[in-house]
2 protein chains.
Amino acid sequence: MAGERAATLSDVAREAGVSLATASRALNGSDRVVRPELQERVLAAATKLGYTPNANAQAMARGSTETVGLLVKDIADPYFSTIAGGLADEAEKHGLLVMLCNTGGQAEREQKFLAALRRQRSRAIVLAGSDTTDMGHTREVADLLTSYLDGGGRAAAISQPRLPVDTVVIDNHGGAKALAERLVGLGYRRAAVLTGPEDLLVSTERHAGFAEGWLEATGSKPAYVADEFSRDGGHRAMSRLLEDGPEADCVFAVNDLMAVGALAACRQAGVEVGKDLAVAGFDDIATLRDVTPGLTTVRLPLADIGRLALELVLGEPSAELRKQSVHGEVVLRESTPPRS
Amino acid sequence: MAGERAATLSDVAREAGVSLATASRALNGSDRVVRPELQERVLAAATKLGYTPNANAQAMARGSTETVGLLVKDIADPYFSTIAGGLADEAEKHGLLVMLCNTGGQAEREQKFLAALRRQRSRAIVLAGSDTTDMGHTREVADLLTSYLDGGGRAAAISQPRLPVDTVVIDNHGGAKALAERLVGLGYRRAAVLTGPEDLLVSTERHAGFAEGWLEATGSKPAYVADEFSRDGGHRAMSRLLEDGPEADCVFAVNDLMAVGALAACRQAGVEVGKDLAVAGFDDIATLRDVTPGLTTVRLPLADIGRLALELVLGEPSAELRKQSVHGEVVLRESTPPRS
DNA sequence: GGCGATTGGGAAAGCGCTTTCCAATACGGT
DNA sequence: ACCGTATTGGAAAGCGCTTTCCCAATCGCC
């Protein structure tokens, strides 16, 4: 059985006693009409032979594929996996296959993947989470993307409006600012921010948004500690903050993962969050909705963002760059009770 | 610029003043030697023209691709996304691209994806989490897989040893059994299991393993409540259990997600986990390591499992089906303190 | 009934690459 | 010098499909 090579369209045509052209037309249905009788004969022959079209050959002949590429920093991170889930569902609806590219945040890998997707003649590319402020790399990516676009490809980005493509803009600034305002409204007066590395756009945007809101509402600037944009980063940052003596009554970690690390650090230090100190995060990661105390955060419609990005990249190409804004919604939970 | 179609190998050859064959050889390096001088000329021409090989054409000519397919039930589920992360990293090392197929647990979609991957002439397919006890569907999948294998493809599964392919067998039974023993060792005497749907293999295996361990150690059979294999399922199941009056001093949820739902249900019902009741899960999902109380669970090396699966599927094909076992490790945390 | 207008099938030309198979040149040994 | 043997470049045959283009057959209409 392993001997007989896969049936090709010619085999089907021969079996059905028609020409190659007719066989192709009968199977694709599309362009021109085939007499029903022949049509059936071809279909029958195809099933009999267990024919499977060769997508690569089709891609060659048609000059277009059925795949879209998705670049994420780390698919194991719930932020990205949720986005990926939404995008994958949408892709399925369109009959598209998703190429998952896990960049690990390495510029070099990102470029390699971009090149690979170009080679594959993938129909579209969605970039999520490669927003760095490293201009050298951004330029490099932009160039690759441009030549990909020139070749007829389509691309969109999530959250990084610095790339020359359509993008789903996440209102990090606004969300964080709104959060700051709500916290001040709850009675908090001295804030600290646990932020990620400086060259990470999401992180700096959220930090800046929060700081702006806080400044406008209280007239003072929040302190901050920077570390990794991860659970452990949050843990370390919070520990350092606590060591230095917590001047703050309220801490904003720029994402939920860091916030959870911070929660753990507080627990270990004997600081009771929700009483001695308030903590808030950003993203509203589903698996983290049950931590205790319930984490105040800014909810992002992550799955929708993935869906949106695909719609954007698949939609009618337009002359000017499209920006699709997505806003977060502050969700107050027990980690930031009203302050008496 | 959008006008000039992408440079082809012929263009490169012409530009370099060599034949198509030479150009191809110069670029791939492999099979035969090309005079260094020509080699350089070709390379120069390629960069000058911004040449990108067409992977589809290469696939056609070579008869093999650079992609592997990964089927998961839900990429947004941290269990799968962690596996996917490990697999993606490994794939990157091998220069392979990953096709992500999100089946949503729907048999029909799973089959569609399998067909699509076959059409793409994917080098290999890894199936994760399609382990159902629905024999009809399993049979169908097995058939598709068999014809894929006959066509020269390679496939491996994760956790479902009922498919006729190499598989990374997760010792769900043993892990759950070990957990049961440890819990009994801690002093617990009456257990209840929160389990998923009956046709979900992981769920039934874990349930059975736990029940076996419990029975052997205490002589009694744990009660159980079935619901969805998710956070909400765990929440509902636990609520029901509490309503019926908790005969149990210890609850095993067959995965961490359900366990977290259970934790939430307890909190809402005023039951203090770690004191009034013990709760344990399975998987040791990273993002859940900071819930309170710390969740006792069975740690699975998820990322390694993904890596292993790819290695398995890429390794030397062997006559008999290979099974690569992976065992979990019980991790005791505060949710199951020693019982005085 | 005759004519142009449809209609539907088939031959064949690619799509962009790899890889035989050949030919030509260079090299070594005696 | 001469012949056999490596080398290395090129022509061309595919890989499996789509799609023009062409042609025969059928249709409709005056």
Side-chain angles (χ1 to χ4, degrees), chain A residues 4-43 45-46 49-66 116 118-123 151-153, chain B residues 4-43 45-46 49-66 116 118-123 151-153:
Chain A
E4 43 184 84
R5 59 165 196 23
T8 80
L9 188 56
S10 313
D11 297 333
V12 174
R14 193 174 326 113
E15 174 79 23
V18 301
S19 78
L20 241 189
T22 309
S24 171
R25 298 202 262 249
L27 291 174
N28 297 317
S30 53
D31 81 318
R32 267 179 37 183
V33 192
V34 174
R35 191 161 21 113
E37 181 211 328
L38 285 193
Q39 163 108 316
E40 249 172 65
R41 251 176 35 216
V42 174
L43 258 36
L49 267 48
Y51 170 68
T52 310
N54 182 323
N56 287 302
Q58 292 184 318
M60 281 235 54
R62 298 211 252 249
S64 81
T65 62
E66 308 259 79
R118 183 161 175 225
R119 239 173 322 175
Q120 298 289 331
R121 300 299 189 262
S122 126
R123 216 211 207 38
Chain B
E4 41 184 88
R5 63 172 193 13
T8 80
L9 188 56
S10 313
D11 297 334
V12 174
R14 192 175 327 115
E15 174 78 24
V18 301
S19 80
L20 205 55
T22 309
S24 171
R25 299 203 260 249
L27 290 175
N28 298 317
S30 54
D31 82 316
R32 266 181 36 185
V33 192
V34 173
R35 186 155 32 106
E37 181 211 328
L38 286 193
Q39 162 107 317
E40 247 172 68
R41 244 165 53 205
V42 172
L43 258 36
L49 267 47
Y51 170 67
T52 310
N54 182 324
N56 288 302
Q58 299 192 144
M60 282 235 54
R62 298 210 252 251
S64 82
T65 63
E66 307 259 81
R118 180 157 178 230
R119 241 176 324 189
Q120 297 289 333
R121 301 298 189 263
S122 233
R123 219 211 204 41

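Of the candidate nucleotides C:dT19, D:dC21, D:dT18, D:dC21 has the atom nearest to the side chain of A:Arg25. Among the nucleotides C:dG8, D:dT8, D:dT18, the one closest to any side-chain atom of A:Leu9 is D:dT18. Each of D:dG16, C:dG10, C:dG16 was ranked by its minimum atom distance to the side chain of A:Ser19; first place goes to C:dG10. Taking only side-chain atoms of A:Ala61, from C-beta outward, the nucleotide of D:dC17, C:dC17, C:dG9 with the closest atom is D:dC17. Checking D:dT18, C:dC17, D:dG16 against the side-chain heavy atoms of A:Thr8 singles out D:dG16 as nearest.
Counting to the nearest Å, the C1' atom of C:dC17 and the CG atom of B:Asp11 are 13 Å from each other. Nucleotide C:dC15 holds its P atom 20 Å from the CD atom of A:Gln120, rounded to whole Å. Rounding to whole angstrom units, CZ of residue A:Arg119 and P of C:dG16 are separated by 17 Å. Taking atom CE of B:Met60 as the reference point, atom P of C:dG16 lies 13 Å away to the nearest angstrom. Distance B:Asn54 CG to C:dG16 C1': 6 Å, rounded to the nearest Å. When rounded to the nearest whole Å, the span between CG of B:Leu27 and C1' of C:dT18 equals 12 Å.
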For a side chain to side chain contact (heavy atoms under 4.5 Å, CB included) check, start with the C-alpha distance between A:Val42 and A:Gln39, then their side-chain angles and the critical distance, and finish with the verdict. CA-CA 5 Å; A:Val42 174; A:Gln39 163 108 316; over 6 Å; no

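Side-chain contact between A:Leu9 and A:Pro53: absent, with no pair of heavy atoms (C-beta onward) separated by less than 4.5 Å. Taking 4.5 Å as the limit, some side-chain heavy atom of B:Asn54 sits within range of a side-chain heavy atom of A:Arg121.
If B:Ala21 and B:Asn56 are placed on DNA chain C by their nearest nucleotide, the residue sitting closer to the 5' end is B:Asn56. Heavy-atom distances to DNA chain D give each of B:Arg62 and B:Thr22 a nearest nucleotide, and the one nearer the 5′ end belongs to B:Thr22. Take the nearest nucleotide of DNA chain C for A:Leu20 and for B:Ala57: the residue whose nucleotide is more 5' is A:Leu20.
Between the base of D:dG16 and the side chain of B:Arg121 there is no donor-acceptor pair shorter than 3.5 Å. Taking only distance into account, the side chain of B:Arg32 meets the base of D:dG9 through a donor-acceptor pair shorter than 3.5 Å.
Phosphate contact (OP1/OP2 of C:dG16, side-chain N/O of B:Gln58, threshold under 4.0 Å): absent. Between B:Arg35 and the phosphate of D:dT8, there is no side-chain N or O to OP1/OP2 separation shorter than 4.0 Å. Look at A:Asn28 and you'll find a side-chain N or O under 4.0 angstrom from OP1 or OP2 of D:dT18.
A:Ser24 comes within contact range of at least one nucleobase, with a heavy-atom separation under 4.0 Å.
Side-chain N/O atoms of A:Arg123 and A:Thr65 include no donor and acceptor closer than 3.5 Å.
Each of A:Leu43, A:Val12, A:Asp11 was evaluated against A:Tyr51; a single residue qualifies, A:Val12, per the side-chain contact (heavy atoms from CB on, under 4.5 Å) test.
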